[in-house]
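Below you'll find the structure, written out as structure tokens, and then a few comments.
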There are 2 protein chains.
Amino acid sequence: MKKSAVRERILKVASRLFYEQGYNLTGINQIIEEADIARASLYNHFDSKTDLLLAYLKEAEDVWYKEMEEFTANFFDPKHKLLALFDFRMERQNKRGFGGCQFIKISAEVSRQDLVVFDAVSHQKSRLKFFIDSIVGNLPQNNQVLSHTMLSDALFFLLEGATVSGSIYKNQESMLAAKAIAEKLLQDSFPQPAIKI
Amino acid sequence: MKKSAVRERILKVASRLFYEQGYNLTGINQIIEEADIARASLYNHFDSKTDLLLAYLKEAEDVWYKEMEEFTANFFDPKHKLLALFDFRMERQNKRGFGGCQFIKISAEVSRQDLVVFDAVSHQKSRLKFFIDSIVGNLPQNNQVLSHTMLSDALFFLLEGATVSGSIYKNQESMLAAKAIAEKLLQDSFPQPAIKI
DNA sequence: TATTATATAGACAAGTCTATCTGTTTTTAA
DNA sequence: TTAAAAACAGATAGACTTGTCTATATAATA
């Protein structure tokens, strides 16, 4: 079940262009030109531009999740594993010139009625949220300021908010600030004071 | 200095279409059709489609900020004023079918090199951030879990993250969760225990 | 009332877009 | 070596894009 090299080249070029200049601003002509393949080859591997978009989203999710798991696998302590998520996204955004989240970007480019695309996007987000939930579940029971449910939500929103903010200001300050907040939220609070009355 | 009614009609229709179906998926033809004006009239009031986009962003920022200030003006206590921000955005997103933030959406649709557009977007975000900063400054000095600087960042990221998340899942649960977190963060913590040693 | 500004309709240019099709060449596999 | 599969180049359809232009009609103003 070896995958076609042509197909992979198309997908690679399309992924880069969709991310860097937007889906709607990327034409089929540019893709076949930069991938250096025949027009018919593209339509042989993908039914339509929409089909190519869906393949891009699927591929992007697989790669994103795999890389994220690899990155955070170095950390065993739940607290540091969660904090590593901020480093992961910061590093990624640094590499990609602060273009923002691939999935959020696409969801902003397609029609609201495009349920298939929104499904693909929300699928990726739910997967990240589920990952966070599971790590938070391994934290010591409610030693934090927030309940586990709220902490999980908070970390998710901080990651998303900082990614978007960073993509607007084109810098990593947002993510650094978000990580600092997360660190505070993950701190043990209200330690029983070792005071004898 | 009365503004042209035609200009306003163009801007109103363009605003709706840009938001609901995206900037790139909205053609000049559809705008003049739905605004029921002549093509030449559009190009008399706006130099180009890009010019119309910039006018849209400016108008959107003015309206957004005005409505936000009106909404939160009912609250004097800084804590409740800050929490009202979450209600404001939730109400707005409810009305607009959870289409997400107007400014983030546009930033995802234009080329990265489009600095004029990115300036307009970051201007609106900075204005919101500044507003939050000023209210947080009125809170009792560091009675919260987070320092004022971090609290301000946290509230901003929670708002942005929850807006984006809500626009993907098309529901208000994200904003409700974000508000609940904000409530916790705004709570006075570490009250000096009335315990005598 | 005469003049100027603003609106109208609609043709048109010049280009882009996605997708299909024909026919040829190269690669793969039996 | 031969047959099938997959790549190629490139023309073409047909619809759509932004922006310009001409010419006419309406509305505001002096």
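Keep in mind the model is a prediction, meaning the values are calculated, not measured. Computed from heavy atoms alone, side chains included, the values below leave out hydrogens, waters and symmetry copies. Just so it is clear: chains get the letters A, B, ... in the order the sequence lines come, proteins before strands, and each one is counted from 1.
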For A:Glu70 and A:Lys66, run salt bridge (charged side-chain N to carboxylate O under 4.0 Å, His left out): C-alpha distance rounded to whole Å, both residues' side-chain angles, the deciding distance at 0.1 Å, then the answer.
CA-CA 6 Å; A:Glu70 278 171 17; A:Lys66 185 170 152 284; 3.5 Å; yes
Flag for A:Gln102-A:Gln124: side-chain donor and acceptor within less than 3.5 Å:
no
Per atom distances to the A:Ala40 side chain, the nearest of C:dT8, C:dA19, C:dC21 is C:dC21
How long is the line joining CG of B:Leu42 and C1' of D:dC21, in whole Å?
16 Å
Which ones in residues 22-36 of chain A lie close to DNA chain C, meaning a heavy atom under 4.0 Å from one of its atoms?
A:Thr26, A:Gly27, A:Ile28, A:Asn29
A cation-pi test, strictly: NZ or CZ of A:Lys105 under 6.0 Å from the centre of the six-membered ring of A:Phe18 and no more than 45 degrees from its axis. Yes or no?
no
Is the backbone N or O of A:Ile104 less than 3.5 Å from a side-chain atom of A:Ser107, with the two atoms forming a donor-acceptor pair by type?
yes
Is there a side-chain contact between A:Leu139 and A:Leu151, using heavy atoms and a 4.5 Å cut-off?
yes
Within residues 105-117 of chain B, the residues having a heavy atom closer than 4.0 Å to DNA chain D are none
Do B:Ser165 and A:Glu160 pass the side chain to side chain contact (heavy atoms under 4.5 Å, CB included) test, and can you show the C-alpha distance, the side-chain angles, and the key distance before you say yes or no?
CA-CA 8 Å; B:Ser165 179; A:Glu160 297 294 285; 5.8 Å; no
For residues 10-20 of chain B, which residue pairs pass the side-chain hydrogen bond (donor to acceptor under 3.5 Å, both in side chains) check, not counting sequence neighbours?
B:Arg16-B:Glu34
Sorted by chain and number, sequence neighbours left out, side chain to side chain contact (heavy atoms under 4.5 Å, CB included) with A:Leu176 holds for A:Met90, A:Gln172, A:Glu173
Distance check needed: D:dC8 P versus A:Ile37 CD1, whole Å only.
6 Å
I'd like to know if the side chain of B:Lys170 and the backbone of A:Arg112 have a donor-acceptor N/O pair within less than 3.5 Å.
no
Taking only side-chain nitrogens and oxygens of B:Ser41, does any of them come within less than 4.0 Å of OP1 or OP2 of C:dT8?
yes
Please list, in numerical order, the residues of residues 44-57 of chain A that have a heavy atom closer than 4.0 Å to any atom of DNA chain C.
A:Ser48, A:Lys49
Would you call the rings of A:Phe71 and A:Phe88 parallel, tilted or perpendicular, taking 30° and 60° as the class edges?
tilted
Under 4.0 Å from OP1 or OP2 of C:dA7: is there any side-chain N or O of B:Ser4 that close?
yes
What residues form a ring-ring contact (aromatic ring centres under 6.0 Å, His included) with B:Phe86, not counting sequence neighbours?
none
On the side chain of A:Arg39, is there an atom forming a donor-acceptor pair with the base of D:dA9 - under 3.5 Å, no angle test?
no
